[in-house]
Each structure stands twice: as C-alpha cells, then as structure tokens.
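Inspection log for the structure reproduced underneath, given as structure tokens.
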Amino acid sequence: MSKKQAILIDVDSVTKNGRTIIRLILKRKGMFKLYDRTFYPYFYIETEERIEKGLYNGIEIISVEEVVKKIEGQERKVKKVTCSDPREIQVLSKMLESFGKTYEKDIRFNRRYLIDKGLKPMNTVEIEYEGKFVKSIRDVGEKIDVNTLNFLSFDIEVYNPYGIPREDEDQAIIISYANKDGSGAITWKNCGVKNTKVVKNEKEMIDEFCNVLRENEVDVLSGYNSSVFDIPYLKARANAVKTKLKLGRGDSSPKINKVGMTTHVKIEGRVHSDIYYLIRILAAAQAIKLQRHTLEEVYKELIGGPEWKVDMLSIYQMWDDEKRRGDLVRYGIKDAEATYEIFEKIFPLQVEMARLIKIPLSMISGSTTGQMVEALLMDESFKRGYMIPSRPSGYAANERYSKPIQGAYVKLPQPGIYENIVVFDFRSLYPSIITSHNIDPYTINCTHKECKTGANKAPNGNHFCTKTQGLVPSAIKNLLELRKKVKAELKNAEKKEDWKLASTLNARVAAMKIILNTVYGMLNYPRSRWYSRECAESITAFGREYVQEVGRKAEEKGFNVLYSDTDSIFILLGNKTQEEALEFMKDVNHHLPETMELELENIYKRGLFVSKKQEKETGAKKKYALITKEGKIKIRGFELVRRDWSKIAKDTQLAVLKAILEEGSREKALQIVKDTVQRLSSGKVPKEELVIYTQLRKANYEVLSPELSAVEKARSRGMNIATGAIIGYIITKKGKTVSEKAELIDFAADYDSEYYIDHQVLPAVMKIIGELGYTEEDIKYSGKQGSLSDWM
DNA sequence: AAATGACGGGG
DNA sequence: GTGTACGTCATTT
C-alpha cells in the first residue's frame, strides 16, 4: 500500500473487463492514472415493495439500503439501490418504476463520485493505493500549487486559396507556440524569423510539434477554438500526410467527440483547454461584453496592446510570397503569444470554477453556466440531505418553453442619436433579490400565516417563508460571504504586491460572480432541475419594482431616462454635470438594501438607439450602439458579423455605424449607403466582397437552399464537394429564384446587383438608419433629395 | 404560416 | 457517456 499527495486533475470513467470504473488523472511530478473500483453507482426509489439484492432481470443489485432524504421539503423514507455498472442505472430504474418514484438516476458517474467523496478538482488529494487501484481518497485543500503544471499555447496557419481551407487539400503551413519561456514556430519554407525551426515538409512539421509537447512535458495545452479548428485540422492533415498526431502522453492521437453541437477534444495525459469556450462562458454571464469573440477582440479587451491582424483571406498569398512569408510567421507567433497571455489570465478562473462547483476541468468546456449552477446546487443538496430533482423530460421542458414568464422591465428608447449618456447598472440585482426575499422552490407559498404578508411577499402575489432559509438563497449567501472574504484576501495580496496570489483570487471572485449571476437563469431555464416558474416570476417582479423606482428618482432629480432594461438605466446628462449624475447614484445606493448596489457602467459621448417592438413576452430586444470619449464602440443587437453575409453588407453596416457614432452624421451614413448601392449597380464590385460562405452541414436536405443549389450544380459539373465542407457562393443574374441564381465562386460569371442591394446591403443598414427617418427610397433613388430635406 | 437550416470561433 | 446549446434570421415549401 502506498500513500501520496497529488493534484486531482480530472475524473472520468472507463470500461475495463466489462465494468465501468472511476479513473483519476493526477499530477505530482508527472501525470499518472489511478482507478477506483470501490465506488458503485446508485439511485433512489420511494416504495414499500421489497427489493432484494442479487440478480434482477439479469442486472446485479449490489445492495438495497433504507435512508431518509428530504423530498420537496419533507423528510421521507427511500431505498438506495446500488448496482454494479452506471450503464445499468437507467435500465434498472426504469424496470423498477412501477414500484414507486425513482430519483437521482440521471447524475453522471464522475460527478456523483466528486459529490459523494467531497473532492474538488484541482485541489490536492491524499490517496492510498495499491498498484493502480485506489483504497482511499480525501481532499486536503490547495497544498500543491497548480502553477507547477506546464502550460503551452499553440496556433496553426493554413493554406487557403479558396478563402476557406479544405482539410483534405490545403496544407497546414505554420505551427506556432508560446509558454512561460518564450515563443517559436515550426514551418517548412524559409522565412528568416528567429526562434523558427524550418523543416522539410508538412509531415515533419507535425511530428516536430509533437516533439515540442513531449520535450516540454506539457500538462495543459491551450488554443483558441482549438477543439473545433486547430486540432481536428491537424489530425486530418496528419492523416493526409500519413503520420500520427501524437499530442497525448504515450504518443496517442487526440480523440475528437462531437457531442450534440459542441466538439470535445481529449488528449491523453494532458488537459486540453480551449480558451474560446471559457470566453463564451464569460460572455454568456456578461462578465465580458464584446460584440465579437475573435482572438484579437478578446486580446484587446483582456490584455490590451497594439493590433497585429493580417487579412485572413490573403494568408495563402503571404505564404507564396517570399518577402511576406516572414510577416505571416510572425503573425502566427503573435497569435500563439496572445493565446498564452489570455490563457494565463483565464486558466485560474477555470480552476476556481472547477473547485467551486466540483466539476472536472474537462467538463467545464461545453457546460453552460446554467449547468454549473445546477452542479453547485447538486452539491449543496447532497450536503443538506435533499433529494436532487431530475432533469425534466423533453415534453415537460417543451411545455415550460411554451409558457415564458413576464420578464424584466424595459423602457424602450425613442429612436435617434443622443449625446452624453450615463449608464448605470445594478450589481447582482437578481442574486440580492433572491437572498433578501428568500426566493426558493422549497420556501414558496409556505403555510405559515405570518409569512403571507411580510417583506417576502412578491409584487406578483407569491410569498416566501421568513423562517427557514431555502436551498438557493443559502447557496447564494454562502457564495456572497465567500466572495466578501476572498475580496478581503485580494486586497491584502495587492497590498503585499503578491500578484500571483492576486490573480488567483481575482479569478475566484470572477468565478463566483458568474455563478451568482446565473442563478436566476437557472430557475427560469426550462431544462433545469430546479426550474420554478413562480420563483422566476417573483424575482423579475421584484426586479421591475427596484429598477422602476430608480427611474422615477432620476426623473425627480431632473434627469431624462432614455432607456432602461432589466438592471441597467441609461440617462441623458442634458444640462447636468457628471458629478451630479454620480451624486444621484450615491443617493440611490444610500437607500438600497445592503447587498444591492447601483454602479456606473460607463459614460458615453454618443449613442444610437433603435427601438424594436417586443416580439416575445420575455422582453424587448436590445438594439443600440455607443461610443466613449476614447472612441471605444459598443454595439448591441445589430450583429451581422456572420460568414453567411457578404463582405459588402458587413462593411457597409459598420461604416454606417461609425459615421453615426464618430461624427454624429446620419447624412454621411446615408451617403455611404448610396455610394455602395451605386457601386453595386455599376457591376464592378469584385467577387471577394460578394461571396457568401456557408457550411454543408447535412448529408441529405429536405429543401433546396441557395447554397445547396450551387453545390449541386458544381457537382453536376464534376466537382467533388463533401458533407461538412464550407463553400462560398455568389448570387448571379441567371435564373429566377435565389437558389437558381446561386453559383459557387468558381462558376460565378457575374452578380445580381438587385439581390445584393435588396437582400444584403439594405437589410443590414435599414436596421440602423431605418428608424432615423430614412426609407429605402431615399437610398435607391439617389438622384433625388432625401425625404427629410424635402420636408424640412 | 410553418418548416428548414445556418450562424458563432478558427484559416 | 447515469447528457446532447440557443436564440435568431433568411429562404423555401
């Protein structure tokens, strides 16, 4: 028997000799694996029927134990049925369903293990083991610093003569990487860039990159969107040049699993961390607010610094041009460095998230924040002896989807261009409402007389118990208290100038903020275990009251409330000063409950507001664009930055927004659109600006779309296009319907200017200038005066 | 009006 | 892996 302490990197399960057992990935000096055969899967059933251990219809029941669990607030006797393999849980629980209601049969085996054993991923564990098998395991805190792990970030560049690279034909040309010691690249043509190894060909480049991973003993490999692009592409290229992509320890190739809509990459013996997933989580939780989440945009936001972008579509030209090849390699290295810098900043967050909610790192990518909050509540329920509710069936979830609740308060803006806008945000509005009014599925409409009228009576009529704290409020309260503590520690660390500790603590605070902000969403999310329409409605009802109250106060003080949505208020400075606005904020905060705070989001020099009628009852759409004094633009709701829109439509839209925000000139905006329309009409717009890209995602289609029509025509001409390919097409003059007119770039002889004007440029810009008084006629009949000047 | 199918990131 | 995003938009039927 041996005893060791190590970092618990990952927990998953493997099937060996017909039995599924827990596998632990641990790190001490190197990574190593251990297996736990002592842990068995189980579920609960509420029944008086006798259930015996032994074989039941071919499934082995290992034990049946009577236990007491709290179900919907009531203590009840249930039977804990343990069987030998997690794959049998579903089958067995279904077979026993006629005996009584079954519970906790849809909790993943590795999550169950972490919850039941009280283990936190990325913490240090003490294990006793014999051979490869665990005898006992326990959490001993954060003894071993996760920064002892070896990190490396990478990026690849790919030849792309067709705009979008085709993995069977277009070679990978550069692999760049960065870690704490610096950065470098591997390529296979001379480029004269230092720290760059030039090998003979693509195959050698791939092999060399695998060597770099091995030599650096990389524990955590990070990339930007690497699960979807870099790793699958490299794997396909390795295949094409007859080598193996040995990214894993033990020279294994990465496993690429497409799970639903997300792609997971598993690299044996290493953690694969796709920064992009984390960024999306931060974005969903509104911890970062960006219009796009490209590597460059994210870098600018999180790290800052100069731009380094190259035009993606010219990558193949740079590669072919000896003089520009060096620039391309330097660009690749810069991408890898940027990825590494972002990784350094974000990995602590991933670690803290894993610790906080007890889900393994590998499961964080691909989890929604709602699932994370669920994970937290599952742990909390286990500790309290509460039965964990099941996920709703598809049918039940659909029922819930069909009945959306009354959402937040929205005051729609009068469309137009405004100057000097002050934006205030409520910090943690919903979490504070939940704790201060004890909003919870287990405390709602309790039977105590005195609870029916007090402070916990929501404006929509529901009331919440004033005696017993609910599960959700207590989880939030723990988090808020923990956050307070960590914030104090953070201050201390900053005073001592311990930046390493400060960054970990910062990440911990951010992780808690994300979780906190998602709790409401989880109560309102139809697929959630703790979905509660009544709770969600009560929260928004309280929220509406608080926000409207601030709006009323602002108007009383003589400010104009331009726009208000959920937890934010946009006020016009008018003839008042910034100081007066801040004074107002202070005054509001003075009267708010302790956990609630109105914060200054920013002050904007100019803003464009477009009002859109409510489409669903859940709320109106946010549609605005703002610019700060420093020229930083913030855009909401105009998103047209997608590859299935032509460049000309996207470029014109951005130019129009900029003209309005930077110069405040709608006349100039109109002129930009007129010029574009004229240029399209002239027939002289180059192909590149007209291409619409789209992916052929299915093998069989039910309807003939433009892209499919273009592909079928190309196929009939002998071109080979596989499912999954991303194709570029242009709408030409030949044909009647859009589909008939669509041709792949290679076959497009002309373009249909009417289509590009009416279906690309105008829809893109009318969203913006349409409500500023211009009509399509103002643009199209460009010889005439605009209608506005006719009237004025 | 309903159904179908694509977007995100990466090159 | 004791699972299977999501909210929105254009085009076709």
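Since this is a predicted model, take the numbers as computed values, not measurements. Letters A, B, ... are given to chains in the order of the sequence lines, protein chains preceding strands, and every chain is numbered from 1.
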Residues in salt bridge (charged side-chain N to carboxylate O under 4.0 Å, His left out) with [X], at least two apart?
X        : answer
A/Arg330 : A/Asp327
A/Arg108 : none
A/Asp321 : none
A/Lys300 : A/Glu297, A/Glu307

Looking across every strand, which nucleic acid part, if any, lies under 4.0 Å from [X] by heavy atom: base, sugar-phosphate, or nothing?
X        : answer
A/Ile107 : base
A/Leu295 : sugar-phosphate
A/Asp85  : nothing
A/Glu707 : sugar-phosphate
A/Asp230 : nothing
A/Asn257 : nothing
A/Ile279 : nothing
A/Tyr701 : sugar-phosphate

[X] side chain, from C-beta outward: closest of [options]:
X        : options              : answer
A/Pro86  : B/dG10, C/dT2, B/dA6 : C/dT2
A/Tyr401 : B/dG10, C/dT2, C/dC6 : C/dC6
A/Tyr525 : B/dG10, C/dT2, C/dC6 : C/dC6
A/Arg527 : B/dG5, C/dT2, C/dA5  : C/dA5
A/Phe109 : C/dA10, C/dT2, B/dA6 : C/dT2
A/Gln90  : C/dT4, C/dT2, B/dG10 : C/dT2

Task: Contact residues, residues 687-696 of chain A to DNA chain B [heavy atom, < 4.0 Å] - done: A/Thr694, A/Gln695

Task: A/Lys647 atom NZ, over 12 foreign heavy atoms within 6.0 Å - done: no

Separation of [X] atom [atom1] from [N] atom [atom2], in whole Å?
X        : N      : atom1 : atom2 : result
A/Ile288 : B/dG9  : CD1   : C1'   : 13 Å
A/Asn225 : B/dG9  : CG    : C1'   : 4 Å
A/Leu708 : B/dA3  : CG    : C1'   : 16 Å
A/Met363 : C/dT2  : CE    : P     : 9 Å
A/Phe229 : B/dG8  : CZ    : C1'   : 15 Å
A/Ile173 : B/dG10 : CD1   : P     : 16 Å
A/Arg642 : C/dG7  : CZ    : C1'   : 11 Å
A/Glu297 : B/dG10 : CD    : P     : 10 Å

OP1 or OP2 of [N] versus the side-chain N and O atoms of [X]: is any pair under 4.0 Å?
X        : N     : result
A/Arg391 : C/dT4 : yes
A/Arg643 : B/dG8 : yes
A/Arg292 : B/dG9 : yes

- [ ] Sorted by first residue and then second, give each salt bridge (Lys or Arg N to Asp or Glu O under 4.0 Å) pair with at least one member in residues 388-401 of chain A; sequence neighbours left out.
- [x] A/Glu374-A/Arg391, A/Glu399-A/Lys403

- [ ] Identify whether the distance between the nearest side-chain nitrogen and carboxylate oxygen of A/Lys80 and A/Glu104 falls below 4.0 Å.
- [x] no

Task: Residues A/Arg23 and A/Asp12 bridged, charged N to O under 4.0 Å - done: yes

Open item on the list: For A/Tyr276, give me all partners under ring-ring contact (aromatic ring centres under 6.0 Å, His included), at least two apart in sequence or on another chain.
Closed with: A/Tyr224

Task: By ring-ring contact (aromatic ring centres under 6.0 Å, His included) - contacts of A/Tyr531 (at least two apart) - done: none

Task: C1' atoms of B/dG10 and C/dT4, separation to the nearest Å - done: 23 Å

Open item on the list: I'd like the P distance from C/dT2 over to B/dG9, given in whole Å.
Closed with: 31 Å

Pairs under 3.5 angstrom, nitrogen or oxygen only, protein versus nucleotides 11-13 of chain C, please.
{"from": "C/dT11", "atom 1": "OP1", "to": "A/Tyr755", "atom 2": "OH", "distance (Å)": "3.0"}
{"from": "C/dT11", "atom 1": "OP2", "to": "A/His759", "atom 2": "ND1", "distance (Å)": "3.4"}
{"from": "C/dT12", "atom 1": "OP1", "to": "A/Ser739", "atom 2": "N", "distance (Å)": "3.1"}
{"from": "C/dT12", "atom 1": "OP1", "to": "A/Ser739", "atom 2": "OG", "distance (Å)": "2.6"}
{"from": "C/dT13", "atom 1": "OP1", "to": "A/Leu704", "atom 2": "N", "distance (Å)": "3.2"}

Task: Nearest-nucleotide 5' precedence on DNA chain B, A/Ile726 against A/Asn700 - done: A/Asn700

TODO: Could you check if a side-chain atom of A/Thr339 sits within less than 4.5 angstrom of a side-chain atom of A/Phe154, using non-hydrogen atoms only?
DONE: no

Open item on the list: Side chains of A/Asp644 and A/Thr694 only: does a donor on one sit below 3.5 Å from an acceptor on the other?
Closed with: no

